[in-house]
**Q** 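Provided herewith is a single structure, encoded as structure tokens, for subsequent inquiry.
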Amino acid sequence: MSSRVSPLSRQFFSRPTLTVAREIIGKRLIKLDPDGTKLCGVILEVEAYIGESDLACHARAGITSRTKPLYGPPGTTYVYFTYGMHWMLNFVTEREGFPAAILLRALCPTEGASIMQKRRRQGFAELTNGPAKITQALGIDESWNAYDVCAPNARMFIADDHANLEITPCARPRVGLGNTPEPWRSLSWNLVHNK
DNA sequence: AGGACGATTAACT
DNA sequence: GTTAATCGTCCTG
């Protein structure tokens, strides 16, 4: 019998958002679909959104029907719709009641790339190198909102199987915040796996 | 009730 | 570098 890789713990997500963001780089996102297909990719780029005081964070408007998952337990997904056509995937961090999350911005596909390619109709390099490309390639939409990725039998989770000690992500300002006031616009809360 | 805008992407010039 | 696509959310009145 093959044993299932265990999901990253809720404790992992419960720490400060920038710590979670740094340490999740290089780990594998796994999605198991009902038909048995397995999609997997190494996380290469994430972005932090931290609290109601962060004017780039959706929680700046407080708790609403949209932002409710941000206030949920760490390890909850926050999947939202934007630009009238794109889905974005986040993982909630810090303590329940404090709205913070990391946005997935880039992956390197390691399993199921052919399935992703059918959905995206692009070459390998362009398959998951953007936040909305990831959700399209993995088939993630509102039905994955407020999903618990720490549940023992979760169908989507981060694999707890890479020590990740040698990776020092590179930090830059977050992407796409053209209208966000300073200082939030320029905070280096985007983390990229260097190399 | 109406309008601006968005944690984007692909397809242009 | 610029722009259309496309619609839910939030802010204004």
Side-chain angles (χ1 to χ4, degrees), chain A residues 13 16-25 27 29 39 41 43-72 74-94 98-109 113 115-147 149 156 158 169-193:
Chain A
F13 292 98
T17 306
L18 292 172
T19 303
V20 177
R22 248 185 339 262
E23 295 191 15
I24 207 168
I25 302 274
K27 297 199 185 300
L29 171 66
L39 303 174
I43 297 173
L44 297 182
E45 180 188 355
V46 299
E47 218 156 69
Y49 291 87
I50 311 176
E52 295 178 349
S53 62
D54 174 5
L55 293 191
C57 181
H58 288 169
R60 65 186 176 276
I63 188 165
T64 66
S65 59
R66 178 170 72 148
T67 62
K68 192 164 179 223
L70 285 171
Y71 292 79
T76 303
T77 61
Y78 170 50
V79 178
Y80 71 89
F81 186 64
T82 192
Y83 290 105
M85 64 192 90
H86 297 306
W87 296 99
M88 304 284 191
L89 173 61
N90 298 253
F91 298 118
V92 173
T93 56
E94 312 216 18
F98 183 86
I102 59 171
L103 167 71
L104 257 66
R105 291 196 58 94
L107 301 177
C108 177
I115 294 169
M116 300 182 203
Q117 230 142 23
K118 263 178 212 154
R119 292 172 174 158
R120 292 238 345 112
R121 208 168 287 114
Q122 275 190 340
F124 186 86
E126 316 298 315
L127 223 41
T128 51
N129 64 339
K133 299 183 185 183
I134 291 174
T135 55
Q136 193 188 355
L138 297 183
I140 291 165
D141 60 16
E142 75 253 275
S143 67
W144 289 91
N145 189 30
Y147 187 82
V149 297
M156 178 168 68
I158 311 296
C170 156
R172 347 170 293 186
R174 294 175 288 184
V175 175
L177 305 191
N179 226 358
T180 300
E182 298 291 1
W184 298 279
R185 187 216 296 236
S186 298
L187 295 173
S188 290
W189 286 358
N190 174 295
L191 301 180
V192 191
H193 181 13

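Quick note on labels: first sequence line is chain A, next is B, and so on, each numbered from 1. From a predicted model like this one, the values you see are computed outputs, not experimental measurements.
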**Q** Donor-acceptor pair under 3.5 Å: do we get one between A:Tyr83's side chain and the base of C:dA5?
**A**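 Side chain to base: no pair present.
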**Q** If I pick the P atom on C:dA4 and the same atom on B:dA4, what distance separates them, to the nearest angstrom?
**A**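 These two P atoms come out 15 Å apart once rounded.
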**Q** Could you state the atom-to-atom distance from NE2 of A:His86 to P of C:dG8 in whole Å?
**A**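 Nearest whole value for this atom pair: 15 Å.
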**Q** How far does the P atom of B:dC5 sit from the matching atom of C:dT3, given to the nearest Å?
**A**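 Rounded to whole Å, the distance is 15 Å.
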**Q** Could you check how far CZ of A:Arg60 sits from P of C:dC10, rounded to whole Å?
**A**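 It is 9 Å, rounded to the nearest whole Å.
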**Q** Which of these nucleotides, B:dG6, C:dA5, B:dA7, is closest to any side-chain atom of A:Asn179?
**A**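 From the listed options, B:dG6 comes nearest.
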**Q** Write down the partner of B:dA7 under the Watson-Crick or G-U wobble criteria, each distance required to be under 3.5 Å.
**A**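 Partner of B:dA7: none.
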**Q** May I have the distance from A:Leu177 (atom CG) to B:dT8 (atom C1'), rounded to whole angstrom?
**A**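 Result: 12 Å.
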**Q** Which part of the nucleic acid, if any, lies within contact of A:Thr64, taking any heavy atom under 4.0 Å across all strands shown: a base, the sugar-phosphate backbone alone, or nothing?
**A**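 Sugar-phosphate, backbone atoms only, no base.
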**Q** Without hydrogens or angle criteria, can the side chains of A:Arg120 and A:Gln136 be said to hold a donor-acceptor pair below 3.5 Å?
**A**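 Yes - a donor-acceptor pair under 3.5 Å links their side chains.
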**Q** Out of C:dA5, B:dA7, B:dT8, which nucleotide sits closest to the side chain of A:Ala132?
**A**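 Out of C:dA5, B:dA7, B:dT8, the nucleotide with an atom closest to A:Ala132's side chain is B:dT8.
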**Q** Between P on B:dA10 and CG on A:Leu127, what's the gap in Å once rounded to a whole number?
**A**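 So the CG-P distance, A:Leu127 to B:dA10, works out to 11 Å.
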**Q** Touch check for A:Arg66, heavy atoms < 4.0 angstrom, all strands: base, sugar-phosphate only, or nothing?
**A**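 Contact class for A:Arg66: sugar-phosphate only.
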**Q** Other residues, nucleotides and ligands only: do more than 12 of their heavy atoms fall within 6.0 Å of NZ on A:Lys27?
**A**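 For A:Lys27, atom NZ is crowded (more than 12 foreign heavy atoms under 6.0 Å).
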**Q** Give the rounded distance in Å between these two atoms: CD1 of A:Ile63 and C1' of C:dC10.
**A**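 The answer, rounded to whole Å, is 16 Å.
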**Q** Pick from A:Arg105, A:Glu47, A:His86, A:Glu45: which one makes a side-chain contact (heavy atoms from CB on, under 4.5 Å) with A:Pro131?
**A**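 Considering A:Arg105, A:Glu47, A:His86, A:Glu45, a side-chain contact (heavy atoms from CB on, under 4.5 Å) with A:Pro131 is found only for A:Arg105.
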**Q** Taking only side-chain nitrogens and oxygens of A:His58, does any of them come within less than 4.0 Å of OP1 or OP2 of C:dT9?
**A**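 False: A:His58 side-chain N/O out of range (4.0 Å or more) of C:dT9 OP1/OP2.
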**Q** Look at all strands and tell whether A:Met85 reaches a base, only sugar-phosphate, or nothing, counting heavy atoms closer than 4.0 Å.
**A**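 Since a base atom lies under 4.0 Å of A:Met85, the category is base.
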**Q** Does a side-chain N or O from A:Asn90 land closer than 4.0 Å to OP1 or OP2 of B:dA7, or not?
**A**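 For A:Asn90, the contact criterion (side-chain N or O under 4.0 Å from OP1 or OP2 of B:dA7) is not met.
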**Q** Tell me which nucleotide among B:dA10, C:dT6, B:dT8 gets nearest to the side chain of A:Arg105.
**A**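 Ranking B:dA10, C:dT6, B:dT8 by closest atom to the A:Arg105 side chain puts B:dT8 first.
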**Q** OP1 or OP2 of B:dT8 versus the side-chain N and O atoms of A:Gln136: is any pair under 4.0 Å?
**A**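 No, no such contact exists.
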**Q** Can you identify which nucleotide, out of C:dC10, B:dA10, B:dT8, has its nearest atom closest to the A:Lys133 side chain?
**A**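 Shortest atom-to-atom distance from the side chain points to B:dA10.
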**Q** Between C:dG8, B:dT9, B:dA10, which nucleotide has the shortest distance from any of its atoms to the side chain of A:Phe81?
**A**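 Looking only at heavy atoms from C-beta outward on A:Phe81, the closest nucleotide is C:dG8.
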**Q** Figure out the CD/C1' separation between A:Glu47 and B:dT8, and round it to whole Å.
**A**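 One finds 12 Å between C1' of B:dT8 and CD of A:Glu47, rounded.
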**Q** Using the ring of each side chain (for Trp, its six-membered ring), is A:Phe81 parallel, tilted or perpendicular to A:Trp87, with breaks at 30° and 60°?
**A**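 A:Phe81 vs A:Trp87 ring planes: tilted.
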